**Q** 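Next up is a structure, given as structure tokens.
As the structure is a computational prediction, the values presented were derived from the model and not from experiment. Values reported hereafter were calculated over all heavy atoms of this structure, with side chains retained and with hydrogens, waters and symmetry mates removed. Lettering of chains follows the sequences in order, A, B, ..., and the numbering in each one begins at 1.
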Number of protein chains: 2
Amino acid sequence: MQLSENKTDVRNKASEATREALLASGTELFAELGFDGATVDHIARQARANKAMINYHFGGKQGLYEAILTATFAPSRERFDSLRESTQPADARLAGFVEIFVEMATRRPAFPAMILREALSGGRHISGRTLPYFISIFALVREIVEQGMREGIFRPVDPFCTHLGLIGSLVFFFSTAGFRDRLVAEGKLPLKPPDPQAYVRHILELMKRGLAAEGGL
Amino acid sequence: MQLSENKTDVRNKASEATREALLASGTELFAELGFDGATVDHIARQARANKAMINYHFGGKQGLYEAILTATFAPSRERFDSLRESTQPADARLAGFVEIFVEMATRRPAFPAMILREALSGGRHISGRTLPYFISIFALVREIVEQGMREGIFRPVDPFCTHLGLIGSLVFFFSTAGFRDRLVAEGKLPLKPPDPQAYVRHILELMKRGLAAEGGL
DNA sequence: GTCTATAGGCTGATAGAC
DNA sequence: GTCTATCAGCCTATAGAC
């Protein structure tokens with residue numbers, strides 16, 4: 001009995017390992033090459049797994065893609081939910097949102113590029129059930145801005161514009177980091193690009209000053 | 001003689017027409033589906049042209065792609081060059097840059113998505129000669145910010161961060177406009193998204209307040 | 001669970017008639 | 001310049017051995 005369990009454990013672990021390897025290489029290659037650009041052959045080779053394993057574990061290329069999207073969002077879902085119910089002032093909540101986003105982008109560097117590609121192609125590869133979830137997370141910024149205006153911390157601004165401006169500058173920075181690194185490595189970009197922390201500090205300072213209520217300075 | 005010339009004219013015009021049609025449908029489909037996602041068959045069909053014409057006019061799919069990138073930038077190239085040599089104060093030049101960018105994005109709505117996709121995939125589909133040109137245009141923002149700091153109009157900020165934040169929020173907004181429109185049309189987004197003019201005004205105001213020198217208010 | 005071999009479809013490109 | 005017909009190559013997915 002114990003032996004049998006151990007044997008199953010080992011098998012599960014091995015199975016789990018190839019599953020994770022496929023998720024990892026898939027994330028990287030989908031982000032860099034897009035859904036059509038990344039081939040299952042390439043993904044499997046990079047994961048040192050067999051091509052057929054993508055079918056076995058995820059039911060196909062499309063299944064792997066969706067599994068990656070949900071697997072990446074899932075760990076931060078709780079943090080977003082608790083932020084949504086937080087009673088902090090608006091500026092602290094806004095900083096909290098950025099913090100969670102940066103943490104996600106740091107843990108899975110390829111993720112910003114994937115959601116951006118999804119937005120570019122009109123959510124073509126996301127299932128109908130997954131889409132509202134993404135929208136609700138990003139709408140959180142909008143809610144926070146509205147709260148800040150009610151509290152008198154922020155000047156009157158369009159919440160949707162503010163939302164898009166913040167998300168845009170964050171997603172753009174993290175999704176194109178690889179490109180900048182490549183340009184620097186090839187000597188095509190003479191300047192050293194900013195590191196993520198410095199960039200985030202810059203954006204938060206810009207938002208703080210740019211959104212501040214007139215009397216609040 | 002005259003007859004012969006007319007005949008040539010007609011032929012040239014017809015040829016020019018299919019060329020333009022291929023450029024137009026290519027721009028749209030590359031932006032929406034990416035380089036690998038858009039097939040030459042699909043592009044030719046949408047242009048009501050023959051598949052083989054892509055080879056004849058542009059020497060292949062790759063040739064069409066590069067022709068689109070240069071053809072879109074070319075009309076604005078002079079305006080960027082004159083802005084580079086302008087002696088206006090930094091804040092006016094920054095607004096001028098945004099104006100040219102918005103004009104480009106309005107005339108060719110699919111263009112922001114194309115350059116963004118290019119950045120995501122590390123400039124894989126741009127030839128080595130075209131790349132520096134893109135970089136120099138976007139570096140213009142950095143130069144303007146540095147000028148503003150020298151003039152004392154802007155507070156001390158990292159020019160590269162400012163550059164990335166502005167470009168990011170603009171490119172993101174225009175490249176994902178189609179996605180937002182689709183969500184609204186399908187009733188998945190309850191709010192009406194901002195129109196481009198309102199968004200640009202918002203961003204310029206945010207930058208103006210966010211970058212203002214301490215004593216300058 | 002993992003592998004190999006292969007099916008079946010689609011892709012970009014071109015040769016050759018008009 | 002434009003078209004049709006066709007090619008070779010690559011893609012995803014799967015059947016079947018282990």
**Q** Throw together a table of side-chain donor-acceptor distances under 3.5 angstrom for residues 45-55 of chain B, partners on residues two or more places apart or in other chains.
**A**
from    : atom 1 : to      : atom 2 : distance (Å)
B:Arg45 : NH2    : B:Asp41 : OD2    : 3.3
B:Gln46 : NE2    : B:Glu28 : OE2    : 3.2
B:Asn50 : OD1    : B:Ala52 : N      : 2.9

**Q** Categorize B:Ala38 for me: base, sugar-phosphate, or nothing, with a 4.0 angstrom heavy-atom threshold over every strand shown.
**A** sugar-phosphate
**Q** Between atom CG in A:Asp41 and atom C1' in D:dG9, what is the gap in whole Å?
**A** 13 Å
**Q** Check side chain to side chain donor-acceptor pair (under 3.5 Å) between B:Thr162 and all other residues, then give those that pass, not counting sequence neighbours.
**A** none
**Q** Roughly, in whole Å, what's the span from NE2 in B:His57 to C1' in C:dT14?
**A** 16 Å
**Q** D:dA15 P sits how many Å from A:Tyr56 OH, rounded?
**A** 15 Å
**Q** Taking side chain as C-beta onward, heavy atoms only, is B:Arg201 less than 4.5 Å from B:Pro194?
**A** no
**Q** Pull out every stem in DNA chain D, meaning runs of 3 or more consecutive Watson-Crick or G-U wobble pairs with both distances under 3.5 Å.
**A** C:1-18 with D:1-18
**Q** In chain order, what residues pass the side chain to side chain donor-acceptor pair (under 3.5 Å) check against A:Thr130, with sequence neighbours excluded?
**A** A:Ser127
**Q** Which donor-acceptor pairs under 3.5 Å do the side chains of residues 164-178 of chain A make with protein atoms, sequence neighbours left out?
**A**
from     : atom 1 : to       : atom 2 : distance (Å)
A:Ser169 : OG     : A:Gly165 : O      : 3.0
A:Ser169 : OG     : A:Leu166 : O      : 3.0
A:Ser175 : OG     : A:Val171 : O      : 2.7
A:Ser175 : OG     : A:Phe172 : O      : 3.3
A:Thr176 : OG1    : A:Phe172 : O      : 2.6
A:Thr176 : OG1    : A:Arg180 : NH1    : 2.8

**Q** Name the orientation class of the two ring planes belonging to A:Phe73 and A:Phe111 (parallel below 30°, tilted from 30 to 60°, perpendicular beyond 60°).
**A** perpendicular
**Q** Would you confirm whether B:Glu32, through its side chain, and A:Leu120, through its main-chain N or O, come within 3.5 Å as a donor-acceptor pair?
**A** no
**Q** Only counting residues at least two apart or in another chain, list the ones meeting side chain to side chain donor-acceptor pair (under 3.5 Å) with B:Arg93.
**A** B:Gln147
**Q** Using the test side chain to side chain contact (heavy atoms under 4.5 Å, CB included), find all partners of B:Lys208 that sit at least two apart in sequence or belong to another chain.
**A** B:Glu205
**Q** Is A:Thr18 near enough to C:dT2 that one of its side-chain N or O atoms lies under 4.0 angstrom from OP1 or OP2?
**A** yes
**Q** What I'd like to find out is whether the side chain of B:Leu140 reaches to under 4.5 Å of the side chain of B:Glu143, using heavy atoms alone.
**A** yes
**Q** Is the B:Phe160-A:Tyr199 ring centre distance short of 6.0 angstrom?
**A** no
**Q** Does anything in residues 45-55 of chain A come within less than 4.0 Å of DNA chain C? Heavy atoms only, and list the residues if so.
**A** A:Asn50, A:Ala52, A:Met53
**Q** Of all the nucleotides listed (C:dG12, D:dA13, D:dT2), which has the minimum atom distance to the side chain of A:Val40?
**A** D:dA13
**Q** Give me the residues of residues 22-37 of chain A where at least one heavy atom lies under 4.0 Å from an atom of DNA chain D, by number, or none.
**A** none
**Q** Using a strict heavy-atom distance below 4.0 Å, which residues from residues 59-67 of chain A are in contact with DNA chain D?
**A** A:Gly60, A:Lys61
**Q** Measure NE2/A:His42 against C1'/D:dT12 and give the value in whole Å, please.
**A** 16 Å
**Q** With sequence neighbours excluded, tell me which residues meet side chain to side chain contact (heavy atoms under 4.5 Å, CB included) with A:Ser82.
**A** none
**Q** Could you work out, with salt bridge (Lys or Arg N to Asp or Glu O under 4.0 Å) as the rule, every residue matching B:Glu20, not counting sequence neighbours?
**A** none
